[in-house]
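We're numbering straight along the sequence, starting at 1.
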Amino acid sequence: MRPIYFNDCFGWLHMATGRRGVVLCNPHGYEEQSVHRIWRGLACRLAAAGLPTLRFDYPGTGDSAGSDADPARVSVWLDSVRAAIRCLRDQTGVDEVALVGLRLGALLAPVVAQDDDDIAAMVLMAPLLSGQAYTRQMKVLARMAGTPLGAPPPDVGQEDDIEMGGCLLTTETAAALSQINLMDLPKAPAPRVLLLDRPDVPVGAQLASRWQALGAEVRVEPLVGYRDMIRNAAHLAQAPHQVLAFLTDWLAEGVTPLPESPPSAVAPPLRLILPDAIETPVFFGRNDTLFGIESTPIRTATAATRPAVLFLNTGANNHIGANRLTVKLARDFAACGFASLRIDVAGIGDSNAWPGAADNLMDSIGSCADVRAAIDWLEARGYHQCVVIGLCSGAHLAFNSALLDSRISGMVLVNPQLFVFTEQDNLGLCKRWLQQAWQVMLRSKISLAPYTPKSLRRIFKRTAAKVAKNSELSTLFGRLANRGVETLLVYSGDDIGLDVLEIHLGPRTKIQDNHRNIRLEIITGADHTMAKRWARDHLAVVLGRFLLSTAPPVEVPQCQAVVRSH
């Protein structure tokens, strides 16, 4: 597979020799992040069956240009699918194209096929009858997610926007989606259609009846394993292998090889030029197994005099970060004159897993070696220091990488809940401390009834601190401070990680006074992954100021938008 840009979209082309090609049409937002690794696996499976396959990010999503807050999203998304079809044909020489759409992609693909008579086959996974049904589901999920205490009200004009799991459907986008109704399409989307229906929300029979009447051959099968595939955490997502194997066999039925090598096509650009940055896909590490996106400032030549920014994965989310956070930050920082690299460690996102290692799961000790390989790559590019940034498990990885590599001059740890690698390398260690603290309190036979929740929490943390008294975290932070490493700790107001931090370093009000080179920022009203727009904007300001305070001064007018006051 190789990275590719077309029409300001980023994608991956999986080459094969068959004359039938496949374009994968993504789901949106958290659903796309959940299935990213599975989608990659499907593309590899299709290519192995002889079907050249293109998967890509819609404009305003993933590594493509733009934002999901931009206008005319639906028409732009539809145009991007059309551009992907042209790109696949140009680059591979296929004379047949099939579309595979999941969720939002299953809404877009049939609409695109209305003006393309050459779509040979179509697979719709977990389809919906209409865009209205899709937006209604997103609204319900957004209400169920709730709003953290202390979050500000929406800005004027954004009250009816739908924000779910870090993805945004503006009022305009939702209205445009609501105009799509697959039952009203004037013609069948393809001669052959496979509907992989959600068992809990079946719509396949209705679509099949409509499109069979329009002359299509339609097959309906259950999408067994749908709930295990679309999860709210990417590392929990499980591929429905039997369904994907059936899908592949169905698409590959009757495919023949191209009669000769495909015609030489004009090579697509290998970089994306944005207003403030140039982005380039890169491979690094042993045998170039690991993948990342480099973002370099477009208007200033000072980046090489500053530390580069290295963004690490959050859990099993790919290099775009939770809620596409690292893409936003990388492009904001480029406006301030900072180069960056957002990476996938082995087994995550678009990096291969090391032989014998788990797939779609961050291996803490091994991942430190991947971070070191990324720093080696940056150093070869002329960046001799870097600032590592990680959220949650990425913060855990950033901290331990900083202990091992002296080229890390700064680190930003966002909502870390665990710091030190142990034999029990997960949150279980902290959970045991908390369980032991409760046991100590219960054995003391003190009545807890008179205490307020706030005072009870304070007693609990003190007890947990005694249980965890052998922790070396304060010493480790001191070691980093002696080396000159600047640290920014950022927490959401109610994040459990704040309690863990206070167990180790004492009351939050005294952390900055008692620990050199540590700054603490608390964003009240934000959730753990900064899923809301305002929280990501606030975080960008905090991080931008931190970076500028640790680097040589330079006049970059575009940077003012990043460090504006809230």
Side-chain angles (χ1 to χ4, degrees), residues 9-10 24-39 55-78 80-81 101-108 125-126 128 131-148 151 154-155 158-178 180 229-234 236-237 314-329 331 342 349 391 526-537 539-540:
C9 292
F10 174 77
L24 299 184
C25 302
N26 284 351
H28 183 245
Y30 85 96
E31 293 178 334
E32 190 283 325
Q33 285 223 288
S34 177
V35 303
H36 185 93
R37 191 76 175 176
I38 297 171
W39 216 229
R55 58 188 173 98
F56 73 103
D57 300 325
Y58 305 125
T61 74
D63 291 304
S64 293
S67 160
D68 53 10
D70 292 341
R73 288 300 82 190
V74 175
S75 63
V76 169
W77 291 342
L78 292 169
S80 71
V81 178
L102 171 60
R103 293 283 288 161
L104 178 70
L107 278 173
L108 301 179
M125 304 176 69
L128 303 103
Q132 189 174 49
Y134 177 77
T135 57
R136 186 164 54 242
Q137 289 180 14
M138 292 298 105
K139 283 180 182 178
V140 170
L141 291 173
R143 291 195 197 102
M144 291 173 61
T147 301
D155 290 342
Q158 298 179 354
E159 299 89 348
D160 294 326
D161 291 353
I162 304 170
E163 287 191 83
M164 172 54 208
C167 71
L168 172 67
L169 297 175
T170 65
T171 305
E172 179 200 31
T173 301
L177 281 172
S178 295
I180 297 175
M229 180 174 66
I230 303 286
R231 303 293 295 270
N232 61 358
L236 298 175
T314 299
N317 289 331
N318 71 316
H319 56 270
I320 71 169
N323 318 313
R324 206 183 179 222
L325 178 60
T326 59
V327 176
K328 170 183 172 51
L329 293 175
R331 295 173 182 177
R342 48 187 191 267
L391 165 66
D527 69 353
H528 182 67
T529 62
M530 307 288 165
K532 297 293 185 181
R533 266 179 295 184
W534 72 266
R536 295 193 293 277
D537 289 344
L539 182 65

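For the pair Val35 and Pro27, the tightest heavy-atom approach, listed with the atom from each and the gap, is CG2-CG, 3.8 Å. Pairing each heavy atom of Cys9 with each of Ser64, the nearest pair is CA-OG, 3.2 Å. In this structure, His28 and Cys167 approach most closely via the heavy-atom pair CE1-CB, 3.8 Å. Closest heavy-atom contact between Asn317 and Ala234: OD1-CB, 3.6 Å. Considering every non-hydrogen atom in both Ile38 and Ala237, the closest pair reads CD1-CB, 4.0 Å.
At distances below 3.5 Å, at least one donor-acceptor pair connects side-chain atoms of Ser178 with backbone N or O atoms of Ala174. No donor-acceptor distance shorter than 3.5 angstrom exists from the side chain of Gln33 to the backbone of Gly62, with no hydrogens or angles considered.
Residues Thr314 and Leu325 fail the side-chain proximity criterion, which asks for heavy atoms closer than 4.5 Å. In this structure, Leu108 and Cys25 have side chains that are not in contact, with every pair of non-hydrogen atoms separated by 4.5 Å or more. In this structure, the side chains of Tyr58 and Glu32 stay at 4.5 Å or more apart for every pair of heavy atoms.
For the atom pair Met125 CE and Leu24 CG, the distance stands at 9.5 Å (nearest 0.5 Å). The distance from the CZ atom of Arg536 to the OG1 atom of Thr529 is 8.5 Å, given to the nearest 0.5 Å. Here the CG-CG distance, from Asn323 to Leu539, works out to 11.0 Å after rounding to the nearest 0.5 Å. Here Leu391 contributes atom CG and His528 contributes atom NE2; the two are 5.5 Å apart, rounded to the nearest 0.5 Å. Taking OG1 of Thr326 as the reference point, atom CG of Asp63 lies at 8.0 Å (rounded to 0.5 Å). In this structure, CZ on Arg73 lies 11.5 Å from CG on Leu169, to the nearest 0.5 angstrom.
Among residues two or more places apart in sequence or in another chain, the salt bridge (Lys or Arg N to Asp or Glu O under 4.0 Å) test is passed with Asp68 by none.
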Quick one: side chains of residues 137-148, donor-acceptor pairs under 3.5 Å with protein atoms, not counting sequence neighbours, listed by atom name and distance.
| unit_1 | atom_1 | unit_2 | atom_2 | d |
| --- | --- | --- | --- | --- |
| Gln137 | OE1 | Arg103 | NH1 | 3.0 |
| Gln137 | OE1 | Arg103 | NH2 | 3.0 |

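Ion pairing between a basic and an acidic side chain is recognised when a charged N comes within 4.0 Å of a carboxylate O; Asp161 and Arg533 show such pairing.
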Walk me through it: do Glu31 and Leu102 pass the test side chain to side chain contact (heavy atoms under 4.5 Å, CB included)?
CA-CA 9 Å; Glu31 293 178 334; Leu102 171 60; over 6 Å; no
Ile162/Thr173 under side chain to side chain contact (heavy atoms under 4.5 Å, CB included): CA gap, chis, key distance, verdict
CA-CA 10 Å; Ile162 304 170; Thr173 301; over 6 Å; no
Tell me, with the steps shown, if Phe56 and Val81 meet side chain to side chain contact (heavy atoms under 4.5 Å, CB included).
CA-CA 9 Å; Phe56 73 103; Val81 178; 4.0 Å; yes
Evaluate side chain to side chain contact (heavy atoms under 4.5 Å, CB included) for Leu104 paired with Trp77, printing each intermediate quantity in order.
CA-CA 10 Å; Leu104 178 70; Trp77 291 342; 3.8 Å; yes
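The aromatic rings of His319 and Phe10 sit perpendicular, their planes meeting at an angle over 60°, well past the 30° parallel limit.
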